[in-house]
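Since this is a predicted model, take the numbers as computed values, not measurements.
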Amino acid sequence: MDTEEYCPICKTDKYLSPDMKFLINPECYHKICESCVDRFYSLGPSKCMYPNCNKILRRNKFKTQVFDDLSIEKECDVRSRVMKVFNKNEEDFSDLKDYNQYLEEIEDIVNNLVNNVDIEETEKKLKDYELLNQKEILENNTKQVEKDQIQADLTKLETQLKQEKRRHEKQTAEEDKLLKKANEAALIDQMQNESAQPPQAVRMHNTNVLRKSSARKKHIKELEEQINMHRRALGAGGHGIESSVPPQTPFTPFNGDKDRTKYYQFQDNYYDPIFNDMVSKDPTFTASGYDIKKYFKRSLAEAFTGLNIFVSEEIS
Amino acid sequence: MKFLIDDLPVIFPYPKIYPEQYAYMCDIKRTLDIGGNCILEMPSGTGKTISLLSLTVSYQMFYPEHRKIIYCSRTMSEIEKALIELTKLMDFRTKELGVKENFRGLGLTSRKNLCLHPISQERKGIVVDEKCRRMTNGQLSLQVAKGEADKDQLCSFHEKMNDLDSHEYIPIGVYSFEELIKYCKGVGICPYFTVRRMMSFCNIIIYSYHYLLDPKIAQRVSKELSKESIVIFDEAHNIDNVCIESLSLDLTNDTLKKASRGVNSLSKKVDEIKRIDSKKLQDEYERLVEGLRATESSRNEELIMANPILPDDILTESIPGNIRRGEHFVMFLKRFIEYLKTRMKVLHVISETPASFLQHLKLLTFIERKPLRFCAERLALLVKTLELTEIEEFIALKDIATFATLVSTYETGFQLILEPYETENASGPNPILHFTCLDASIAIKPIFDRFSSVIITSGTISPLDMYPKMLKFDTVIQESYTMTLSRRSFLPLIVTKGSDQVSISSRFEIRNDPSVVRNYGTLLIEFSKITPDGLVVFFPSYLYMESIISMWQNMGILDEVWKYKLILVETPDSQETSLGLETYRKACSNGRGAVLLSVARGKVSEGIDFDHHFGRTVLMIGIPFQYTESRILKARLEYLRDHHQIKENEFLSFDAMRHAAQCLGRVLRGKDDYGIMVLADRRFSRKRNQLPKWIAQNLLDADTNLSTDMAIANAKKFLRTLAQPSNPKDQEGVSVWNAEQLKDHQKLQTKNVEAEMELDYLNDDELELAFEK
């Protein structure tokens, strides 16, 4: 029997109670069984039960151990903390060298924290960095979440496509079989009746099968397209350093259909003999939110767009 | 015999040539001229090796390019045979030409087979390899030079080589392994390293195809081969499996334990070096920062074959920052191994893609994909920097690093399968993590990319179009040759039912049905009665063979066979089997006669010939399908279906039939040989067209659906006919040509071609006339 297979606090043996689970706390990484955790920490934070360990533990921090090696467990915890702060990606760097330097820096910090070297200094470094780059960190976090989402979608779509393809294949095989049978039957019929035309039913069946299989093919194609789109989205994020190409606008027939040329100069005052007076005199217009300037703007736009007339050019 | 193919004079060491040999040579020459790949199926026993060698050697010597020949075969004995054929050929050439040509031909095999040092007494090849590496590495000899280590630790044979220049280790000529060892013993140098270092001076190299396909070995052994070389894969019907095996990896708890031990000692070493000689690590570190690795190892793309493990972009990019420092890398490895250990604890089967594996890995340990890709490279560098000599400690670690690199490099074509239990009803878990390659084309791609002509050939490689599909390459010529025979010298039969008209099959549902087993038994009894001398029986698997033998024992069938023949059984143990084979040969030679019960995928079916009286009948009991419940096979089938458009059943049946054909080919090893081939399974009658052309051609329609008694009657008649004395003169001109007959054939051929061309010409004229009208 393994000597570590019992709880050092209540001495429960794994051999006698095989359902027993051990928990650890990232404060000190001492192993305690689940029932002991319930007993000691349900009433609030308390000291670690191990002799000479004076760490204060909280119940919600207890977790099951992932790795056998506690030092690795600790390292991963430290890493998760550091990575939350140092979460830049390769594409955030213009130079590979800088990125590598950055990676090494992270590694140094983790190393120090794990091996208890210059803890205070490193902690300070971590905090400083966090304060300095708060905004970026947040941004990167959201970016990461987005990326993960895309990745998850992609895997989902891919499995879907696989299943769809499989089904399609199966159905085609089945239909082929049926078709063959129908054709054979038709042939026999034909030989019996000596009519030159294959019977209507078979032809109908053929077209039906064709229609069905083309519909399925279309569906599969759509799925493939979706996957490609996701891939592209991922890929655009993946190769940051090289892809300094401007983002491409979606395709429009007139190279982007927003016409940004100004056709006219809008002035503060226009004089319209009818409207100006009416609006200024009758409060019912303005009460409902009518703005005379809007009216002028619209009139001008109506007058110039479509004719492609540029006033300044016309004058000169 | 000397003759011309187009403008190329070919020297053939025999006075007569088979028509199919001539056709074979013509096709090879055409392939070499055009520059491309070809697949050729040449019946076994028609002198495939000698035709290949004599044509390629003539080609090499005649044209000024002097393209180097790389001849790869499967087993040690086949390599040896090829070397002996080559020696004969070169002797003949010397006689014919009157001068000894400047020609060097060497074969390479493992250290264990070539070693002269007492360490070769070790039983395991790996141990010999490791001991040899330790005794021959440069570090140790440096230490010896400084006086730090004892000279006895070095291999004297290897040290002696330093006194000689690398091109004068061995004089020109062709050496079989025996001669090589003898010569080297005389001079006192190491045969293995002689061949390795002479490789660039050789006109022809003959070795196992692992040296070319396995990226771990190929990188070291075969990287200096020039681009124009002619690559020949002989006995290549299993080449896709070799490709897959060379990139697959199995990890067990034991490997992981050893690996973590390796990491621990590595980290100790790093600490030690840091204390004593921190400059070394710092140097390495600085080099990596500067990205000078490329210049150091001077990877010239022209010169060196691409390595599928390490794609090109890795070689040009510098190592990522988080594993640049030695101690960081050790931490990184520790984390990775610990993660794998955690994965091994799972108690249900998991099958996942590398992508999902990486995702989970990142989630738990924050290991990114990029540093993982550099793992193998980085480990090698670190070991070199630390000047570690006890490399065997790091074998497991190396495996892990290779695994890391592979898993992060390829997204498709690989699958991770974790099997917690060895067998279905095992009590305790013994997890194995299979990292399997599903795509055979990955490993062989660099070879097709690098070499202009690759010739793939075997006795049984039908259906031919399967291979280009699986290995993803284009062929210039695909050809299957038939065997020209003056008389019917082998009789293929398909037996589908027993004498009682119950159909026989090794299908899983009915394989243990007593009536089927009894029918197979009577088939064996009857054939052991009528077959002279040797009879070979093949079963689909060891498991089935064991069960059927025990049932036969209960039915008293074995006792009946015992009256006519000695019974010998193949076992998975190779030494036992070789003893059995020896006894079998003896029994066949002294007239007692024997039955060898063996397995279609075992050792006997692959490399051992049953020529003449050693095999007069081969009995194939059941179709040798693979174990279809295997998860690895399932994954591969799925991959083939999705990516190569090969259906599951198509592949399974192809694979079974190539093994069946391989077994059948064992008994016919030449034109004067004869034998009966019995395929005993109902399902064979539908798979007839998947047999190699030369067998299918000889299989009459009437013989495809026989019962046991009919088969016996046919076989008796066949044996009686062949017992008549034959006149060797009958063969001449039909299945054997001498020089004049060959010339006549060539004349006829050119005439035909001219006539055809004239016809085309005439047709053109007619067309023109028609237009004019």
Side-chain angles (χ1 to χ4, degrees), chain A residues 64-84 86-87 89-90 93 95-112 114-115 117 144 147-148 151-152 154-155 158-159 161-163 165-166 169-170 173 231 234 238-239 241-242, chain B residues 256-257 260 263-264 267 285 288-291 313 316-325 327-345 352-353 355-356 358-359 361-371 374 411-412 638-639 641-643 645 647-649:
Chain A
T64 47
Q65 191 176 343
V66 180
F67 301 102
D68 274 345
D69 193 340
L70 278 176
S71 64
I72 300 286
E73 182 82 36
K74 189 179 172 192
E75 192 191 327
C76 284
D77 286 338
V78 170
R79 219 168 260 278
S80 91
R81 201 157 61 92
V82 175
M83 287 314 229
K84 255 184 208 137
F86 283 87
N87 59 358
N89 275 322
E90 194 172 335
F93 294 88
D95 193 2
L96 193 64
K97 235 180 193 171
D98 292 345
Y99 178 59
N100 281 336
Q101 202 58 47
Y102 170 79
L103 285 178
E104 200 183 323
E105 200 183 324
I106 296 175
E107 224 39 50
D108 276 334
I109 289 171
V110 171
N111 208 357
N112 285 348
V114 171
N115 297 332
V117 185
Q144 194 55 44
K147 225 179 184 177
D148 286 348
Q151 180 75 47
L154 186 67
T155 38
E158 265 172 346
T159 44
L161 177 74
K162 230 179 193 174
Q163 280 170 355
K165 260 189 179 167
R166 189 77 196 272
E169 252 163 46
K170 240 186 200 163
R231 276 232 179 94
L234 260 188
H239 308 286
I241 290 181
E242 303 101 73
Chain B
L256 290 179
K257 243 183 242 160
S260 40
V263 165
N264 285 336
S267 97
Y285 168 73
L288 293 182
V289 171
E290 293 297 317
D313 54 327
T316 47
E317 214 178 283
S318 57
I319 282 183
N322 42 4
I323 54 170
R324 264 197 313 222
R325 278 194 190 280
E327 61 267 30
H328 292 169
F329 181 61
V330 170
M331 263 165 66
F332 174 88
L333 276 178
K334 266 188 192 163
R335 236 180 319 147
F336 186 61
I337 292 168
E338 207 54 41
Y339 171 77
L340 287 175
K341 275 187 184 162
T342 325
R343 285 307 292 269
M344 294 290 235
K345 276 191 216 148
E352 62 178 347
T353 57
S356 80
L358 289 178
Q359 220 175 358
L361 175 69
K362 196 180 161 193
L363 204 72
L364 281 188
T365 61
F366 303 94
I367 290 179
E368 298 255 0
R369 188 175 162 166
K370 207 173 156 201
F374 289 85
E411 268 184 20
T412 54
E638 199 170 313
Y639 185 83
R641 191 190 61 221
D642 291 346
H643 296 258
Q645 280 77 46
K647 285 194 190 111
E648 286 104 325
N649 283 336

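Atom-to-atom distance recorded for B:F366:CZ and A:R79:CZ is 8.5 Å, nearest 0.5 angstrom. Interatomic distance, A:L103 CG to B:H328 NE2, rounded to the nearest 0.5 Å: 11.0 Å.
Contact check for A:E104 versus B:N322: no side-chain heavy atoms found under the 4.5 Å cut-off. In this structure the side chain of A:V66 reaches within 4.5 angstrom of the side chain of B:T342, judged on heavy atoms. In this structure the side chain of A:E107 never reaches within 4.5 angstrom of the side chain of B:R324, judged on heavy atoms.
The side chain to side chain contact (heavy atoms under 4.5 Å, CB included) test applied to B:K362 returns A:Q144, B:E368, not counting sequence neighbours. B:Y639 meets the ring-ring contact (aromatic ring centres under 6.0 Å, His included) test with B:H643, B:H644; sequence neighbours excluded. For the salt bridge (Lys or Arg N to Asp or Glu O under 4.0 Å) test, residues two or more places apart in sequence or in another chain that qualify with B:R343 are B:E352.
Residue B:L364 touches chain A through both its backbone and its side chain, counting heavy-atom pairs closer than 4.5 Å. Residue B:Y339 touches chain A through both its backbone and its side chain, counting heavy-atom pairs closer than 4.5 Å. For chain A, no part of B:K647 is nearby; none of its heavy atoms comes within less than 4.5 Å. For B:K334, the parts sitting under 4.5 Å from any heavy atom of chain A are the backbone and the side chain alike. Of the two parts of A:D108, the backbone and the side chain both hold a non-hydrogen atom closer than 4.5 Å to a non-hydrogen atom of chain B.
The candidate from B:R335, B:K341, B:Q359 with the greatest count of non-hydrogen atom pairs under 4.5 Å with chain A is B:R335. Of the listed residues (A:E105, A:E169, A:K165), the greatest number of heavy-atom pairs within a distance under 4.5 Å of chain B belongs to A:E169.
Taking 4.5 Å as the heavy-atom cut-off, the residues of residues 71-78 of chain A that approach chain B are A:I72, A:E75, A:C76, ordered by number.
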Could you go through the side chain to side chain contact (heavy atoms under 4.5 Å, CB included) check for A:N111 and B:R325 one step at a time? CA-CA 11 Å; A:N111 208 357; B:R325 278 194 190 280; over 6 Å; no

Kindly indicate, with the supporting measurements, whether the criterion side chain to side chain contact (heavy atoms under 4.5 Å, CB included) is fulfilled by A:F67 and B:T365. CA-CA 10 Å; A:F67 301 102; B:T365 61; 3.4 Å; yes

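Panel note: side chain B:E338, backbone A:D69; a donor-acceptor pair is recorded below 3.5 Å.
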